[in-house]
Amino acid sequence: METETIKGLKRTNYCGELRIEDAGKEVTLFGWCQRQRDLGNLIFIDLRDRTGIVQLSFNDTTDREVFAKAQAVRSEYVVALVGTVAERESKNKELPTGDIEIIVKEFRIISKAETPPFEIVNSEKVGDETTLKYRYLNLRNQKLTQNILMRHKIAKIARDYFYDNDFIEIETPMMIKSTPEGARDYVVPSRVHNGKFYALPQSPQIYKQLTMVAGFDRYIQLARCFRDEDLRADRQPEFTQIDLEMSFVDTDDIMEMAEGFITKLMKETVNVDIPMPLPRMTFAEAMEKYGSDKPDTRFDMLINDITDWADKTDFVVFKNAIADGGAVKAIVAKNSASAYTRKKIDKLTEHAKGIGAKGLAYIRWADAEPTCSFNKFLKDGELQALIEELGAEQGDCVFIISDKTSSALSILGSLRLVIAKELGIIPEGKWNYLWITEMPFFEQDEETGEWVAMHHPFTMPMEECIEYLDTDKGKVRAKAFDLVLNGTELSSGSMRITDCQLQNKMFELLGMEQDEIDAKFGFLVEAYHYASPPHGGMGIGLDRLAMIICGADSLRDVTAFPKVQNASELMSGAPSYIDDTQLDELGINIAKAEADNE
């Protein structure tokens, strides 16, 4: 049977939008055949497009030529039809269109499909290597289709909101000068300027600040960003951020503008009203209570400082950590003693060691009396005093880390999440947004001892901290803030340095010589010689936001054509070698690695 064209047909509706109110209406539909069921004198076809599925019906009153075409249809054929919407006898409550079907009178097979390498409807059960190689097929899966449509909706809401608030969309360059921003740059060789390279932007940071110097006042861009770093579930080498910058504002103005966006976004995507203003927590408080600068506040299990209690015991592990300037921290996992057997605690201990712990002390209160892994080092009454201090009860477990304070907090912060997931105590359907404020300006590299910028070197220090720039970098806090949702960082923002002398000093404090400052950032420092308004901004991760709203496990599930862990794209085979002619034009000589089994 030859394929046909759509000549003379105009789509009247999408498959997923038809309802019982449309009964009696003649419609023209296009789509893919998800399934065909041939019952002899009755044929049903599930027709799918980006909006959903509708059932097509062919029976003994159907034109015989049309019926024969329906018999010939196989999975993933593209078809066109004209038919009448009718109420179904056997309704399907699982489908939005389950009350109706289309009685087909005209039917065309537009394009035939070979048997797909996997069943589209069950593609989540197929390995990534196959589904990513045939990504264009996997995207036909309704779940992935809806994820991509939700991502589009989020982008539209963002543009509508910021346009309505007088923001101007300005595109910044995709090929820029390589400047240090924390991760490795992706670089692009120049043919015209042999031996020189552009970099793909890790963010539009410098350019969007220069739009403020230029007087545009409010900038917005759905900006593509590139970072050459190791991938994980919530990271891709190329990503999109809802990027904004504002002049003549302070941090509260920027955060309030973002809150307006969150209010609109959550109402229009998941129909949830988020109470405003969003709660705020300082970086120091977040680390002390949750062991993370992106805490998941949907459940309790806060970190307790038991250093004073531990210092009075004879347990040498605790006392050595304290003597070295460290601390002893604990979390109480309520009602977990039955789940955390000795074997499971051993497994948790191995996990803790894998993320840097020297060991994991514990109390397990499953029976009448609690079991303590270090009880033989305690004097009478000390265990009971700790239990009372922590508010632990029969049925609970207590997990304890002794180490440098920062290490103890971060390790317990990670264990807190692992335990909560294993116990199933993280509630579904909660949207806990949180601002983290007063971020440290510097962080110290534990191996080299060097101080580096925790955000980026254009961040404004808090005025009361400027006096510590030369004397105590650890005390310097930044006019910076992060937006967190359910334990995922969505955004970083800050006020920017606009004083050329202070900006130059910050570069120097980060170990740059003047020649390096001039070479990498001279154009920015020079711009401030011509006056700049006070300004600040933030970038909200569109991909991560879409991932959480869609309930997806990975950024791959909300990215049309994602890359895998080694930053390759399985469908197209990128990255690939280029031919010698191109290399010669670019003035590049490379030592090619042996092609893998090519």
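Count residues from 1 along the sequence. For clarity, every value in this text was computed on a predicted model and none was experimentally measured.
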Lys289 atom NZ, neighbour heavy-atom count above 12 within 6.0 Å
no

So that I can tick it off, tell me whether Lys264 and Asp160 are bridged by a salt bridge, with the cut-off set at under 4.0 angstrom between side-chain N and carboxylate O.
no

Is it true that atom CG of Asp308 has more than 12 heavy atoms of other residues, nucleotides or ligands lying nearer than 6.0 Å?
no

With a 6.0 Å cut-off (strictly less than), is the heavy-atom count around CG of Asp164, excluding the residue itself, greater than 12?
yes

With no hydrogens and no angle check, do the side chains of Asp243 and Tyr219 hold a donor and an acceptor under 3.5 Å apart?
yes

Thr459 vs Met495, test: side-chain contact (heavy atoms from CB on, under 4.5 Å). Steps then yes/no.
CA-CA 6 Å; Thr459 302; Met495 294 299 294; over 6 Å; no

With a 4.0 Å cut-off, would you call Arg235 and Glu229 a salt bridge?
yes

In plain terms, say whether Asp482 and Lys294 are close enough for a salt bridge, that is, a side-chain N and a carboxylate O under 4.0 Å apart.
no

May I ask you to check whether over 12 heavy atoms, not counting those of Gln565, lie within 6.0 Å of atom CD?
no

In Å and rounded to the nearest 0.5 Å, what is the CD1 to CZ distance from Ile497 to Phe507?
7.5 Å

If the threshold is 4.0 Å, N to carboxylate O, is there a salt bridge linking Arg496 and Glu245?
yes

Short N-O contact, Arg544 and Glu489, less than 4.0 angstrom
no

Does a salt bridge link Lys404 with Asp324, judged by any charged N lying under 4.0 Å from a carboxylate O?
no

Heavy-atom neighbours of Glu513 CD exceed 12 at 6.0 Å
no

Does Ile306 form a side-chain contact (heavy atoms from CB on, under 4.5 Å) with Lys329? I'd like the steps, not just the answer.
CA-CA 6 Å; Ile306 59 170; Lys329 305 284 185 177; over 6 Å; no

Smallest separation among heavy atoms of Pro189 and Ile588, with atom names
CB-CD1, 3.6 Å

Please tell me whether Gln241 and Ser203 have a donor and an acceptor in their side chains that are separated by less than 3.5 angstrom.
no

More than 12 heavy atoms from other groups under 6.0 Å of NZ on Lys267:
yes

Ring pair (Phe, Tyr, Trp, His ring centres under 6.0 Å) partners of Phe162, counting only residues at least two apart:
Phe167, Phe261

For Ala527 against Leu210, the heavy-atom pair lying closest together
CB-CD2, 3.6 Å

Distance only, no hydrogens: is a donor on one side chain within 3.5 Å (strictly under) of an acceptor on the other, for Asp185 and Gln202?
yes

Output for pair (Lys475 NZ, Met462 CE), nearest 0.5 Å, gives 15.0 Å

Will you find, in the side chains of Gln209 and Tyr528, an N or O donor that is under 3.5 Å from an N or O acceptor?
yes

Would you mind checking if Arg159 and Glu169 are paired as a salt bridge, meaning a charged N to carboxylate O distance below 4.0 Å?
yes

Regarding Arg218 and Asp166, does a basic nitrogen lie under 4.0 Å from an acidic carboxylate oxygen?
no

Name the one of Ile549, Leu545, Leu144, Asn147 that satisfies side-chain contact (heavy atoms from CB on, under 4.5 Å) with Val558?
Asn147

Can Glu463 and Arg477 be counted as an ion pair, charged N to O under 4.0 angstrom?
no

Centres of the Phe521 and Phe458 rings: under 6.0 Å?
yes

Note: Asp300 and Arg416 closest approach over all heavy atoms is O-NH2, 2.9 Å

Measure the shortest side-chain to side-chain distance between Ile425 and Met301 over non-hydrogen atoms and say whether it is less than 4.5 angstrom.
yes

Give a yes or no on this: more than 12 heavy atoms of other residues, nucleotides or ligands lie within 6.0 Å of atom CZ of Phe197.
yes

Arg135/Glu569 ion pair, N-O < 4.0 Å
no

A quick test of your reading: do over 12 heavy atoms of other residues, nucleotides or ligands sit less than 6.0 Å from CD of Gln501?
no

Looking at Lys505 and Asp470, is there a salt bridge between them, counting it only when a charged N and a carboxylate O are closer than 4.0 Å?
yes

Looking only at heavy atoms, what is the nearest atom pair of Pro204 and Cys225, with distance?
CD-SG, 4.2 Å

SB check Asp252 Arg280 (cutoff 4.0 Å):
yes

Thinking salt bridges, do Arg224 and Glu238 make one under a 4.0 Å N-O criterion?
yes

On a heavy-atom basis, the closest approach of Val398 and Ala330 is CG1-CB, 4.1 Å

Under-4.0 Å salt bridge between Asp250 and Lys479:
no

